[in-house]
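Take this structure first; my questions come after.
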Amino acid sequence: MKCLVTVLVCVVLAEGIVKIPLQKHKSMREALREKGIELPYQDPALKYQADEFAGSANMYVNDYADVRNPRFRQFYILFTALTDGSLICAHTKFNPQQSSTYSGKGQSFYLPYGAGSLYGVFGYDTVNVGGIVIYNQEIGLSTNEPGQKFVVAKFDGILGLSYPSISAGGETPVMDNMISQNLLNADIFAFYLSREGQGSMLSFGGVDNSMYQGQIHWTPVTSETYWQIGIDGFQINGQETGWCSQGCQSIVDTGTSMLMAPSQLMGSIMAIGAQQSQYGQYMVDCSQINNLPTLSFVISGVSFPLPPSAYIIQHYQNGYQFCSVGITPTYLPSRDGRLWIFGDVFLREYYSIYDRTYNRLGFAAAV
């Protein structure tokens with residue numbers, strides 16, 4: 001086969017933009033819960049330890065237990081705007097011996113994560129991402145996956161879209177190869193995450209005007225590692241809290257399902273009436289959702305509100321309804337102020353555009 005690593009085949013081409021439909025499935029946590037297994041809470045932000053593994057063959061992959069947006073076949077790939085750019089193939093088996101374009105690198109890697117670890121080897125092959133053919137792309141092949149998390153995961157691998165400075169093994173990430181091989185009309189990718197089960201979309205090479213309304217608001221990247229930006233302020237029902245008066249940062253990450261807040265602020269945020277369960281989740285009375293406050297982030301002078309419908313998650317199990325707060329604590333320190341993580345709770349409300357030419361992030365109200 002000339003192109004063995006075909007990541008996606010359901011693609012829409014329009015105005016020079018490659019648009020890849022995305023699918024939403026149950027998270028690993030939800031799938032295990034249905035089997036009677038409750039995963040303990042672990043800080044997903046531990047995966048943002050760029051300095052620890054940068055340039056080495058080791059990466060930290062904690063924690064994809066709550067990710068619900070795996071993507072399309074031939075391999076189902078979890079696209080995430082934070083991971084270093086490796087392509088890690090897991091469930092649907094890739095046989096290097098059947099690929100005429102594959103070459104081994106002779107280097108192994110190790111990825112610790114929340115409930116175990118993963119071992120594999122690096123190699124090179126031609127990779128097809130939604131019709132974008134990338135030559136001589138370094139890929140990571142999983143050879144051993146202890147634990148249960150990836151067994152129930154609906155995705156076969158992880159394709160990171162972050163900066164090359166945190167690349168495991170020092171390889172050139174997928175996005176950077178797209179850029180250097182002149183495969184894109186513009187050095188941009190963008191995510192639309194639907195509020196419903198289907199309809200999410202990843203675009204390469206431009207902005208999809210049908211996915212947002214109003215103006216795109218741009219803000220500079222503050223650290224070319226993850227997609228990290230500055231936060232000017234945090235408001236509750238339009239009232240400034242002052243919590244970011246000494247500086248706040250946020251990592252924008254499609255691979256995190258929740259909105260993550262600095263741990264020292266969780267008590268104040270959960271004063272909305274939430275109670276913590278034995279498994280670490282914050283729960284609220286479903287009948288009180290409309291009485292909860294709107295939370296807003298001020299970024300480059302623009303307010304981005306999150307109504308209760310955005311950060312309250314309604315669950316149905318065994319005929320019962322219960323509601324959890326889609327905000328979890330992170331204990332990871334930041335050199336540049338308090339650290340937030342904008343996961344899917346934020347990104348379902350705002351179409352996000354990742355611009356490598358000008359190293360900036362754009363947000364616009366999602367349709």
Quiz item: To the nearest 0.5 Å, what is the distance between CZ (Phe191) and CG (Asp344)?
Solution: 9.5 Å

Quiz item: Are Phe363 and Phe346 near enough that their ring centres are under 6.0 Å apart?
Solution: yes

Quiz item: Considering residues, nucleotides and ligands other than Gln321, do more than 12 of their heavy atoms fall under 6.0 Å from its CD?
Solution: yes

Quiz item: Do the side-chain N and O atoms of Ser324 and His315 include a donor-acceptor pair separated by under 3.5 angstrom?
Solution: yes

Quiz item: Nearest 0.5 Å, what's the CD-NZ distance between Glu138 and Lys105?
Solution: 3.5 Å

Quiz item: Between CG of Asp125 and CG of Leu141, what distance do you get to the nearest 0.5 Å?
Solution: 8.5 Å

Quiz item: Hey, what do you get for OG (Ser309) to CD (Gln314), rounding to the nearest 0.5 Å?
Solution: 9.5 Å

Quiz item: About how many Å separate CG of Asp232 and OG of Ser300, when rounded to the nearest 0.5 Å?
Solution: 6.0 Å

Quiz prompt | Atom pair CD1/CH2 of Ile229 and Trp340 - distance to nearest 0.5 Å | solution = 12.5 Å

Self-check item: Exam field: side chain Ser200 to backbone Ser194, donor-acceptor pair closer than 3.5 Å
Solution: yes

Self-check item: Ring geometry between Phe122 and Phe109 (parallel below 30°, tilted from 30 to 60°, perpendicular above 60°)
Solution: tilted

Exercise. Say whether, by atom type as modelled, one donor and one acceptor occur between the side chain of Gln213 and the main chain of Ala364 under 3.5 angstrom.
Key: no

Practice problem: Report the relative orientation of the aromatic rings in Tyr351 and Tyr192; use parallel for angles under 30°, tilted for 30 to 60°, perpendicular for over 60°. | Solution: tilted

Quiz item: Counting only N and O atoms by type, is there a donor-acceptor contact under 3.5 Å from the side chain of Gln181 to the main-chain atoms of Tyr135?
Solution: yes

Quiz item: How about Ser352 and Tyr354: does a side-chain donor come under 3.5 Å of a side-chain acceptor?
Solution: yes

Quiz prompt | Residues in side-chain contact (heavy atoms from CB on, under 4.5 Å) contact with Ser180, at least two apart in sequence or another chain | solution = Asn177

Quiz item: Taking the side chain from Glu240 and the backbone from Phe234, do they hold a donor-acceptor pair closer than 3.5 Å?
Solution: yes

Practice problem: Please confirm whether the backbone N or O of Gln228 pairs with a side-chain atom of Thr222, one donor and one acceptor, at under 3.5 Å? | Solution: yes

Quiz item: Within the side chain of Ser296, is there an N or O that forms a donor-acceptor pair under 3.5 Å with the backbone of Gly238?
Solution: no

Quiz item: Is the count of non-hydrogen atoms from other residues, nucleotides or ligands lying under 6.0 Å from Asn290 atom CG greater than 12?
Solution: no

